[in-house]
Protein chains: 2
Amino acid sequence: MTTTAPAQVDSETAAQRARRTRIIAATLSLASRGGYEAVQMREVAERSEVALGTLYRYFPSKVHLLVSAMASEVDQLSQRLQKRQPPGKTRAERVSFVLERSTRSLQRDPLLTEAMVRAMMAADVTVAQEVNAVRQGMSDLIVQAIRGDDGVQEHDVELAAILQDVWFARQIAWLGGRIEAADVWRDIHLAIGLVLADG
Amino acid sequence: MTTTAPAQVDSETAAQRARRTRIIAATLSLASRGGYEAVQMREVAERSEVALGTLYRYFPSKVHLLVSAMASEVDQLSQRLQKRQPPGKTRAERVSFVLERSTRSLQRDPLLTEAMVRAMMAADVTVAQEVNAVRQGMSDLIVQAIRGDDGVQEHDVELAAILQDVWFARQIAWLGGRIEAADVWRDIHLAIGLVLADG
DNA sequence: CCAGTAACAGGAACGTGTTCTAGTATCCCA
DNA sequence: TGGGATACTAGAACACGTTCCTGTTACTGG
């Protein structure tokens with residue numbers, strides 16, 4: 001947190017964009033192999049062929065780094081899912097589709113998920129911007145599913161926020177060893193039914 | 001995590017119970033003054049007049065320590081609130097009463113809350129028992145409010161779990177500087193209205 | 001092209017959670 | 001009541017996130 005970050009991402013040099021990409025890639029790779037604790041800053045720096053100080057110039061803390069990595073993952077998920085309207089006649093069916101896909105996508109790589117979700121929860125005010133990017137991506141996904149072809153509905157943003165809260169909380173319960181992977185989806189599905197009781 | 005914990009809390013010697021009490025007291029005091037980062041294990045040990053190794057024998061990590069502290073706080077809150085049935089004619093009114101009291105109680109000491117909630121979120125599988133104690137305490141509170149004088153209702157435990165998830169998630173959003181203290185309560189209230197739509 | 005500035009490399013150093021060791025005190029039971 | 005196990009103290013040691021320092025490289029305006 002000593003040095004000032006590169007002014008703007010879109011005014012970066014090509015070499016800088018490449019460094020940023022290498023750093024995120026190394027982070028995802030390490031997280032995927034060993035979770036939160038395996039993402040060690042020295043190791044990330046070494047793998048992305050960047051000095052430790054440079055790593056900290058790009059991402060001022062481990063939490064910034066992991067939340068940024070999650071933002072990049074959510075972006076990808078979002079692009080895959082938003083190619084077409086989620087199927088289903090009711091709001092509940094469409095939201096179920098989207099959240100089930102998201103949940104399965106995360107559970108496929110539990111250690112990576114653990115690293116990213118743990119960072120999201122550890123984020124303090126200095127990471128608010130990155131955290132908001134992640135939440136916005138998830139929210140867009142859910143809101144689009146709620147609306148379907150019906151357009152804007154009352155409370156749809158608030159409902160999406162609640163479902164996202166439950167979604168995160170259940171992931172944490174799973175990561176904390178308090179519920180099984182299968183229960184994550186059962187609980188979220190139940191929450192969808194209760195919150196979107198329209199069919 | 002190397003040494004085995006004292007066998008059972010109820011088979012402790014008087015001196016051991018006193019140590020445990022002093023440790024929790026020192027933890028709450030430090031957390032209240034400076035939040036999560038101010039709870040430093042060496043400092044806790046010194047203030048509770050216990051060697052560092054002993055502290056780790058009683059609480060095998062900082063997270064265990066803070067979650068245990070939260071369990072003790074929730075116990076107290078629970079005892080205060082459960083003295084009488086929460087007022088209100090509808091489930092929503094009663095649950096609002098209980099959660100508003102809980103929220104206000106936490107917001108009165110933001111740094112302590114930050115320390116405890118952050119520990120709850122950082123808890124891994126080794127802390128599952130302590131985390132469950134906290135969640136059970138909160139759940140009892142909410143379930144009792146849902147039931148009121150009406151007795152057992154369908155899904156009341158699941159509804160309580162969802163509300164608790166939202167409650168925690170909103171606390172985190174507040175602690176993460178993404179929403180204001182007042183918004184915490186507004187969002188939880190909204191969730192109550194949506195989940196318990198019975199008046 | 002050159003000077004000055006910002007970014008980067010390499011690595012030492014520091015803080016705090018956690019573990020480990022050696023010695024001492026306390027407890028429990030035969 | 002004595003002796004062995006268990007618990008405790010004091011403090012060193014280790015790991016990893018973070019900061020800082022020194023020298024070098026890459027960029028930019030004149």
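These figures come from a predicted structure and were not determined experimentally. Quick note on labels: first sequence line is chain A, next is B, and so on, each numbered from 1. All values below were derived from every heavy atom in this structure, side-chain atoms included, with hydrogens, water molecules and symmetry-related copies excluded.
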Lys62(B) NZ to dT18(C) P: how many Å, rounded?
8 Å
Using a 4.0 Å heavy-atom cut-off across all strands, classify Val44(B) as base, sugar-phosphate, or nothing.
nothing
A cation-pi test, strictly: NZ or CZ of Lys62(B) under 6.0 Å from the centre of the six-membered ring of Tyr36(B) and no more than 45 degrees from its axis. Yes or no?
yes
Closest nucleotide among dT9(D), dG17(C), dC8(C) to the Arg19(B) side chain
dT9(D)
In terms of hydrophobic clusters joined by side-chain contacts under 4.5 Å, are Leu28(A) and Leu55(A) together?
yes
Give one of base, sugar-phosphate or nothing for Glu46(A), where a contact means two heavy atoms less than 4.0 Å apart.
nothing
Find the distance Met41(A):CE to dC16(D):C1' and express it as a whole number of Å.
11 Å
Please identify each residue that fulfils side chain to side chain donor-acceptor pair (under 3.5 Å) with Asn132(B), with sequence neighbours left out.
none
Integer-rounded Å distance: dT18(D) C1' and Leu55(A) CG:
11 Å
Using a cut-off of strictly less than 4.0 Å between a heavy atom of the residue and any atom of DNA chain C, enumerate the qualifying residues of residues 21-34 of chain B by number.
none
The reported gap from OG1 in Thr54(B) to CD in Gln16(B) (rounded to nearest 0.5 angstrom) is 10.0 Å
Can you identify which nucleotide, out of dA9(C), dC8(D), dC8(C), has its nearest atom closest to the Tyr58(A) side chain?
dC8(C)
Just compare dC16(D), dT9(D), dT16(C) and give me whichever is closest to any side-chain atom of Arg42(B).
dT16(C)
Rounded to the nearest 0.5 Å, what separation is found between the CD atom of Gln144(B) and the CG atom of Asp156(B)?
12.0 Å
Can you hop from Val74(A) to Phe97(A) via hydrophobic side chains spaced under 4.5 Å?
no
Just how far, in rounded Å, is C1' of dT25(D) from CD of Glu49(A)?
17 Å
Could you tell me the separation between the CD atom of Glu37(B) and the P atom of dG17(C), rounded to a whole number of Å?
10 Å
DNA chain C: Tyr36(B) or Ala15(B), which has the more 5' nearest nucleotide?
Tyr36(B)
Applying a 4.0 Å non-hydrogen cut-off, can you work out what Val39(B) is touching in the nucleic acid: base, sugar-phosphate, or nothing?
sugar-phosphate
For residues Leu77(B) and Ser102(B), determine if any side-chain heavy atom of one lies less than 4.5 Å from a side-chain heavy atom of the other.
yes
So what is the end-to-end bend of the helix from dC1(C)-dG30(D) to dA30(C)-dT1(D), with 5 pairs used at each end and the value given to 10 degrees?
20°
Distance in angstrom units between Phe59(A) CZ and dC8(C) P, rounded
12 Å
Could you tell me whether Glu43(A) and Arg47(A) make a salt bridge, using a distance below 4.0 angstrom between a side-chain N and a carboxylate O?
yes
Kindly compute the distance separating OG (Ser68(A)) from CD1 (Ile23(A)), expressed to the nearest 0.5 Å.
10.0 Å
Whole-Å gap separating P (dC20(C)) and OH (Tyr56(B)):
12 Å
Check every atom of dA9(C), dC8(D), dT18(C) against the side chain of Gln16(B) and return the nucleotide holding the closest atom.
dC8(D)
Rounded to the nearest angstrom, tell me the gap between atom CG in Leu52(B) and atom P in dT18(C).
10 Å
Below 3.5 Å, does any donor atom in the side chain of Arg57(B) face an acceptor in the base of dT6(D), or the other way round?
no
Can a cation-pi geometry be assigned to Arg20(B) and Tyr58(B), taking NZ or CZ under 6.0 Å from the six-membered ring centre and within 45° of the ring axis?
no
